[in-house]
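Small disclaimer: the values here were computed from a predicted structure and weren't measured. In what follows, every chain begins at residue 1, and chains take the letters A, B, ... in the order their sequences are listed.
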Amino acid sequence: MGDDRKLTTQEEDFSAWYNEIVYKAELAAHSQVRGCMVIRPYGFRIWELMQGALDSMFKETGHQNAYFPMFLPQSALDREAQHVEGFAPETAVVTRAGGAELEEPLVVRPTSEAVIWPIAADWIDSYRDLPVLLNQWTNVVRWEMRTRPFLRTTEFLWQEGHTAHVDEEDARAETLRMLGIYRTFMEDWMAMPVYTGRKTAAERFAGAVDTFACEALMKDNKALQAGTSHYLGENFARAFDVRFQTVEGEHAYVHNTSWGVSTRLIGGLIMTHGDDTGLILPPRLAPIQAIIVPIWKNDEQQAAVLAVAREVEADLLEAGIRVRVDDRQGMNPGAKYYDWERKGVPVRLEIGPRDVEAGSVMTVRRFTPEGQDRKRAVGRTELVAELPAQLERMQQELYVEALQRRAANTTTGIEDYEQFKDVVEQKGGFVFTGWCGDPVCEARVKEETKTTIRVIVGDDLASHVPPASCLCGDESVMEVVRARAY
RNA sequence: CGGGGCGUGGCUCAGUCCGGUAGAGCGCUGCGUUCGGGACGCAGAGGUCCCCGGUUCAAAUCCGGGCGCCCCGACCA
């Protein structure tokens, strides 16, 4: 008769904790099909808020949304050699439809390069038509062997940007611009710090010349690839014949990019901020930023308290806050507290007879840094005036907290392999090391330690004293961040 | 695909070894009392015990076959 109202703690079993949050906070539900997932309204609202923020950033940088079909002919996927090799094993293929075998199998898109470029090629004749800056919000299907809600599902929702440029310089600038937008979004909206950088050839997107990624550190000290941006060179342009006439009147292939973030971000959000009580949502992405819990002892009080609660709700809505009154009957206030804490609502507003009398509201923070008051009574007008700013402060505090956690779990200056293994085993987290650049060495370290090179560090992250040697003992030619990852 | 585990009300599971009236907690419905940190009482609803076959007077339980799910490893946003 264990108390099934309590979550498994992160300490006991992080994986179990994660799963319980996903289902008990009503983010997702099991589906009838292996590896697929139902995103419930509460979880989907988080995704909508993410979409809203990202979409406006895309539009501000000149991108337009479009929609391409979810099916592509097998032959189209087959056109870019590395791309097929990378994706073919995990595609779902429709061979039968309308009661008959299809002439040619249809692949359910695992990503849309091979859907978009054969068509968009016709929209590009001249350098004047470039750049083409497209984005689409869609579902894709990848038949992964092992799935986990939000982190890796057979079908997932994402956005995929696809662009075409006149030359490498322009395309590379786009690749990094979008990486930067992802980073800004993750830091400013998700309060999730990320390391950004280039991937090694082994970790590159199938068909890309260069892949860049945002890497976040989860509370179990494993890394999560939260978003990627690829410079595709002329690979897809050549495969799908996407050419244009240059200023000089010559024919040239476009240079493409693609970039995406998915519903995996919700998994990242959970594992960046959640605690043993449940989810903790950064205010900017919280479907409900403030929940009003009315408290009463009898019908008379109930009427009075609810009336005030409605007024406070209206005032806060006016102030632009996503607020709701929890007027459920037959449920004690305490039970409501636990419920909303598990769902990660940033602020709870308790209104009882005493508050009605005093014209105040009891505010309780979901996340409270050391040295701050969790509960505080404030006057109603004061509340409406300061809650928006308070939510913004919480947003910042969550980010700082996550940043400090990452700093505490990042190790630099490791050159000795045995020492590296110790750090990985005993502490985990991000480890900065040197790398000789040899893929064989990379593969060996991966095999032996289950860590991968998450990114090659750029100047922005480089250590003051860059490592002189690689873990293999050879001379280091670049600094890398290694970690065990999801 | 290799290794482990499990299929019993909506959920978590007991019962299976040793065959004999299908159970518990949570959730749900109604009524009443409660309500400032997970309330309580009373009354109720809800089940092809994963499927097919076999053994038996009798199968959730034993036997054979199938299907499904979960967890751990190799791939991935």
Q: Of the candidate nucleotides B:G36, B:A39, B:C75, which contains the atom at the shortest distance from the side chain of A:Glu350?
A: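 Nearest to the side chain of A:Glu350 among the choices is B:G36.
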Q: How close or far is atom P of B:C71 from atom CZ of A:Arg152, stated in whole angstroms?
A: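 It works out to 11 Å between those atoms.
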Q: Between B:G73 and A:Arg484, counting only base atoms on the nucleotide and side-chain atoms on the residue, is there a donor-acceptor pair under 3.5 Å?
A: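 Answer is no: no donor-acceptor pair is held.
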Q: Please state how far atom NZ in A:Lys446 lies from atom C1' in B:A74, giving the value in whole angstrom units.
A: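 Result: 9 Å.
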Q: Could you work out the separation of B:U48 and B:C1 based on their P atoms and round it to a whole Å?
A: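 32 Å, rounded to whole Å.
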Q: Using the salt bridge (Lys or Arg N to Asp or Glu O under 4.0 Å) rule, take A:Glu215 and A:Lys199 through it: C-alpha gap first, then chi angles, then the decisive distance, then the call.
A: CA-CA 11 Å; A:Glu215 294 282 334; A:Lys199 288 278 182 183; 2.7 Å; yes
Q: Contact class for A:Gln225 vs. all strands (heavy atom < 4.0 Å): base, sugar-phosphate, or nothing?
A: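 Result for A:Gln225 = sugar-phosphate.
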Q: Measure from NZ on A:Lys297 to C1' on B:C40 and round the result to the nearest Å.
A: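 Whole-Å distance recorded here is 16 Å.
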Q: Check the pair A:Arg45, A:Glu48 against salt bridge (Lys or Arg N to Asp or Glu O under 4.0 Å), reporting the backbone distance first and the verdict last.
A: CA-CA 5 Å; A:Arg45 184 70 185 117; A:Glu48 285 180 329; 3.3 Å; yes
Q: Classify A:Tyr23 by what it touches in the nucleic acid, base, sugar-phosphate, or nothing, heavy-atom distance under 4.0 Å.
A: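 If one applies the 4.0 Å heavy-atom cut-off, A:Tyr23 turns out to touch nothing in the nucleic acid.
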Q: In whole angstroms, how far is the P atom of B:C76 from the CZ atom of A:Phe87?
A: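 Rounding to the nearest Å, CZ of A:Phe87 and P of B:C76 are 9 Å apart.
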Q: Say you pick atom C1' in B:G32 and the same atom in B:G37; how far apart are they, in whole Å?
A: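 My reading of the C1' atoms in B:G32 and B:G37 gives 24 Å.
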Q: Where each residue is assigned the nucleotide of RNA chain B containing its nearest heavy atom, which of A:Asp355 and A:Lys450 is assigned the position nearer the 5′ end?
A: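 In this pair, the answer is A:Asp355.
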Q: Testing the basics here: between A:Val132 and A:Leu134, what is the closest heavy-atom pair and its distance to 0.1 Å?
A: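 Nearest pair, atom of A:Val132 first, then A:Leu134: CG1-CG, 3.7 Å.
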Q: On a whole-Å scale, what distance lies between the P atoms belonging to B:C35 and B:A43?
A: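 To the nearest whole Å, 24 Å.
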Q: Please report, rounded to the nearest Å, how far the P atom of B:G36 is from the CE atom of A:Met362.
A: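 Answer to the nearest Å: 14 Å.
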Q: Starting at CZ of A:Arg148 and ending at P of B:A77, how long is that distance when rounded to a whole Å?
A: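 About 16 Å, once rounded to whole Å.
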Q: Answer yes or no as to whether B:G37 has its base stacked against A:Tyr338, where stacking requires a ring-centre separation under 5.5 angstrom and planes under 30 degrees apart.
A: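 Stack criterion not met.
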Q: On RNA chain B, compare the nucleotides closest to A:Lys375 and A:Pro149; which residue's is nearer the 5' end?
A: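 That would be A:Lys375.
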Q: For A:Tyr195, does the six-membered ring have the charged nitrogen or CZ of A:Arg406 within the cation-pi criterion, i.e. under 6.0 angstrom from the centroid and within 45° of the normal?
A: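 Verdict for A:Tyr195: a cation-pi partner in A:Arg406.
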Q: Distance between the C1' atoms of B:C62 and B:C57, in whole angstroms?
A: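 About 16 Å, rounded to a whole number of Å.
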Q: How long is the straight-line distance from CG of A:Leu279 back to CG of A:Leu269, given to the nearest 0.5 Å?
A: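 Answer rounded to 0.5 Å: 6.5 Å.
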Q: For A:Thr153, report the nucleic acid contact type (base, sugar-phosphate, nothing); a contact means any heavy atom under 4.0 Å.
A: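 Contact class for A:Thr153: base.
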Q: Is a donor-acceptor contact shorter than 3.5 angstrom present between the side chain of A:Glu341 and the base of B:G37?
A: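 Checked by distance alone, the answer is yes.
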Q: How long is the gap from SG on A:Cys214 to OH on A:Tyr182, to the nearest 0.5 Å?
A: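 Atom-to-atom, A:Cys214:SG and A:Tyr182:OH are 8.5 Å apart.
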Q: Which one, B:G37, B:A74, B:G36, comes nearest to the side chain of A:Met145?
A: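 Of B:G37, B:A74, B:G36, B:A74 is nearest to the side chain of A:Met145.
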Q: May I ask you to say what A:Pro89 touches in the nucleic acid, namely base, sugar-phosphate or nothing, with a heavy-atom cut-off under 4.0 Å?
A: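 No contact.
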Q: Got a sec: does the CD of A:Glu85 have more than 12 other heavy atoms crowding it under 6.0 Å?
A: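 Counting neighbours around CD of A:Glu85, 12 or fewer heavy atoms of other residues, nucleotides or ligands fall under 6.0 Å, so no.
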Q: Give a yes/no verdict on base stacking between B:G37 and A:Tyr337: centres under 5.5 Å, planes within less than 30° of parallel.
A: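 No.
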Q: Can you see whether A:Tyr337 has A:Arg348 sitting over its ring - NZ or CZ less than 6.0 Å from the centre and within 45° of the normal?
A: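 Yes, a cation-pi geometry holds between A:Arg348 and A:Tyr337.
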Q: NE2 of A:His30 versus P of B:C11: gap in Å, rounded?
A: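 The answer, rounded to whole Å, is 10 Å.
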Q: Measure CG/A:Leu7 against C1'/B:G38 and give the value in whole Å, please.
A: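 Going from A:Leu7 (CG) to B:G38 (C1'), I get 13 Å.
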Q: C1' atom, B:G64 versus B:A22: distance in rounded Å?
A: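 The same atom, C1', in both gives a distance of 25 Å.
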Q: Where along residues 189-198 of chain A does a heavy atom come under 4.0 Å from RNA chain B, residue by residue in number order?
A: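 Hits under 4.0 Å, by residue number: none.
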Q: Would you mind pulling out the nucleotide paired to B:A43, Watson-Crick or G-U wobble, both distances under 3.5 Å?
A: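 Pair assignment: B:A43 / B:U29.
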Q: Under a 4.0 Å threshold between the charged nitrogen and the carboxylate oxygen, would A:Arg366 count as salt-bridged to A:Asp275?
A: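 Counted as a salt bridge, because a side-chain N and a carboxylate O are separated by less than 4.0 Å.
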Q: Under 4.0 Å, heavy atoms only, any strand: does A:Gly352 hit a base, just the sugar-phosphate, or nothing?
A: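 Counting heavy atoms under 4.0 Å across all strands, the contact made by A:Gly352 includes a base.
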Q: Between A:Asn332 and B:C35, does any side-chain N or O lie under 4.0 Å from OP1 or OP2?
A: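 For B:C35, neither OP1 nor OP2 has a side-chain N or O of A:Asn332 closer than 4.0 Å.
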Q: Looking across every strand, which nucleic acid part, if any, lies under 4.0 Å from A:Trp296 by heavy atom: base, sugar-phosphate, or nothing?
A: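 If one applies the 4.0 Å heavy-atom cut-off, A:Trp296 turns out to touch a base.
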Q: Between B:A59 and B:U16, how far is it from one C1' atom to the other, in whole Å?
A: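 Those two atoms are separated by 11 Å.
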